[in-house]
Amino acid sequence: MSVELTPHDSAVRADRATQLALTLARELWVVKDRLLVLESMLASEGFAGLSARLDAFQPDAATRASIDAERKRFIAEVTAALDSPPDRQA
Amino acid sequence: MEFQLKQRGRASLHFLSDLAVSTSRFKPRIDADIKAAGLDEATLSDDLDERLRQVDAALADSPAAAALAALTEYSGVNHGRVAAAAFDEVRGELEPRLKALMQGPTTIEPIPGERRPSYADAAWIHRTTGGWDGHEYQGFIHGELIHREYVARNYPGDIFAQRRQILSVLPRRDYQRIFEIGTSSGHYTLQIAAEFPQAEIWGCDPSLRMLEQAQRVANERGLHWRLFHGSADRTGLDAGSVDLVTSYIVLHEIPREAIHAQLREAYRLLRPGGDILFSDVTRYAALNKAGVRWAEYNAVHGGEPFWRESASLDLAEAARAAGFVNVRSEGFGGGIYPWFVYGHKPS
């Protein structure tokens with residue numbers, strides 16, 4: 001087998017906070033990407049007044065349930081980054 | 001197979017890929033930090049473990065080294081998870097097509113010899129979540145998502161063209177039956193089939209999930225490959241049954257003893273006058289001390305438990321020990337990557 005991590009790299013690997021920050025960055029990028037796609041699609045279809053309608057929007061029960069489920073998935077993803085990586089768990 | 005990921009999967013994979021690309025900017029800074037600490041070819045230890053400790057101590061306060069380690073860790077742990085999640089988003093649409101492509105002229109059968117060598121479960125190679133068989137569709141996930149969207153964007157040159165170009169090393173174009181070791185999802189196999197259209201293609205791999213993707217790739221193109229699920233160390237196939245035994249970027253993923261075993265098995269499988277061509281990562285003997293240290297860094301962080309013992313092996317000597325003649329062990333085209341060992345079985 002090859003050598004183990006050096007002490008310095010072990011310390012970096014154990015820094016779960018940095019891994020958490022990177023996970024959040026990835027999730028943030030997914031959202032930014034989606035917003036860019038959405039803006040592009042709406043603009044191409046001549047949609048106007050989107051910002052005001054978003055501010056005023058109140059989700060109905062089905063939409064709220066969908067948002068709740070997505071938020072739970074998001075939290076699970078974020079907290080997984082705080083745990084030991086699966087290939088290093090005892 | 002044409003397919004489209006959903007927005008989340010596409011954006012997540014591209015984020016990870018670009019994140020990995022971004023790490024290249026830290027490496028010159030780390031080299032500068034190492035040099036500033038007084039470490040160079042003269043002062044770096046000949047002993048590799050001691051050399052790693054020297055560099056580790058020199059980089060203890062290097063922001064660039066800390067950044068690279070954090071980013072490498074994140075990419076290593078997450079690329080497989082993100083790719084699997086991207087697949088799962090479109091699984092319902094793809095699954096009928098993936099299942100249909102398993103019907104066709106290319107077959108998978110158990111290898112008569114050893115099915116799964118013990119070292120195959122030593123680690124998740126590349127730190128890919130679950131290893132080669134970690135998902136029901138790991139072959140598609142690795143071959144189409146990780147390889148094309150992540151690996152191909154992070155390695156220099158065209159990694160698919162490299163698989164074709166290396167075949168120019170071979171002295172013959174009339175091979176009738178070719179045996180590939182480590183077929184995986186079939187990227188190299190496709191290049192072999194294109195370069196030697198008259199040849200019957202056999203391949204093997206200990207991972208059934210990866211072979212299933214090779215089967216789909218072949219069936220989609222109407223290709224007739226005979227794939228064996230099992231190890232190349234002891235195939236149990238008939239001696240003297242093939243003209244060429246070849247592998248691409250497999251040797252560094254198996255231990256030294258397995259390399260010797262595969263060379264011996266290749267010699268046994270070849271008809272007199274046959275050839276081997278095994279391509280792999282750069283040998284440590286062709287790198288300077290700093291280069292070996294970087295290779296070790298990438299191996300240890302990248303989930304490559306056998307890289308050191310494999311890259312330290314003298315492939316020319318190993319091939320000759322297995323009985324091959326006219327042996328060449330060198331970098332392709334005068335470079336250092338990909339490395340290859342060629343050998344000929346005397347007529």
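Residue numbers start from 1 in every chain, and the chains themselves are labelled A, B, ... in the order their sequence lines are given, proteins ahead of strands. Computed over heavy atoms, backbone and side chain alike; hydrogens, waters and symmetry mates excluded.
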Which of [options] touches chain A most, by non-hydrogen pairs under 4.5 Å:
{"options": "B:His14, B:Arg256, B:Arg81", "answer": "B:Arg81"}
{"options": "B:Leu16, B:Val55, B:Asp56", "answer": "B:Asp56"}
{"options": "B:Gly76, B:Ala85, B:Ala60", "answer": "B:Ala60"}

Considering only heavy atoms, which portion of [X] lies under 4.5 Å from any heavy atom of chain B: side chain, backbone, both, or neither?
{"X": "A:Val30", "value": "both"}
{"X": "A:Asp15", "value": "neither"}
{"X": "A:Ala25", "value": "both"}

Mind listing the closest non-hydrogen atom pair of B:Glu41 and B:Ala290 along with its distance? OE2-N, 3.1 Å
Closest contact, heavy atoms only, B:His301 versus B:Arg127: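 Residues B:His301 and B:Arg127, closest heavy atoms: O-CD, 3.3 Å.
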Any chance the rings of B:Trp339 and B:His252 have centres within less than 6.0 Å?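 Not close enough - the centres of the two rings lie 6.0 Å or further apart.
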Taking A:Asp68 as the fixed residue, which of A:Lys72, A:Arg71, A:Arg64 is the one that meets the side-chain hydrogen bond (donor to acceptor under 3.5 Å, both in side chains) rule?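 For A:Asp68, the side-chain hydrogen bond (donor to acceptor under 3.5 Å, both in side chains) test succeeds with only one of A:Lys72, A:Arg71, A:Arg64, which is A:Arg71.
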B:Tyr284 pairs by side-chain hydrogen bond (donor to acceptor under 3.5 Å, both in side chains) with which of B:Arg308, B:Glu296, B:Lys289? B:Glu296
B:Ser310 side chain vs B:Phe306 backbone, donor-acceptor pair below 3.5 Å: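 Here the side-chain-to-backbone pair does not exist.
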Given a strict heavy-atom distance threshold of 4.5 Å, which part of B:Tyr297 is in contact with chain A: side chain, backbone, both, or neither? side chain
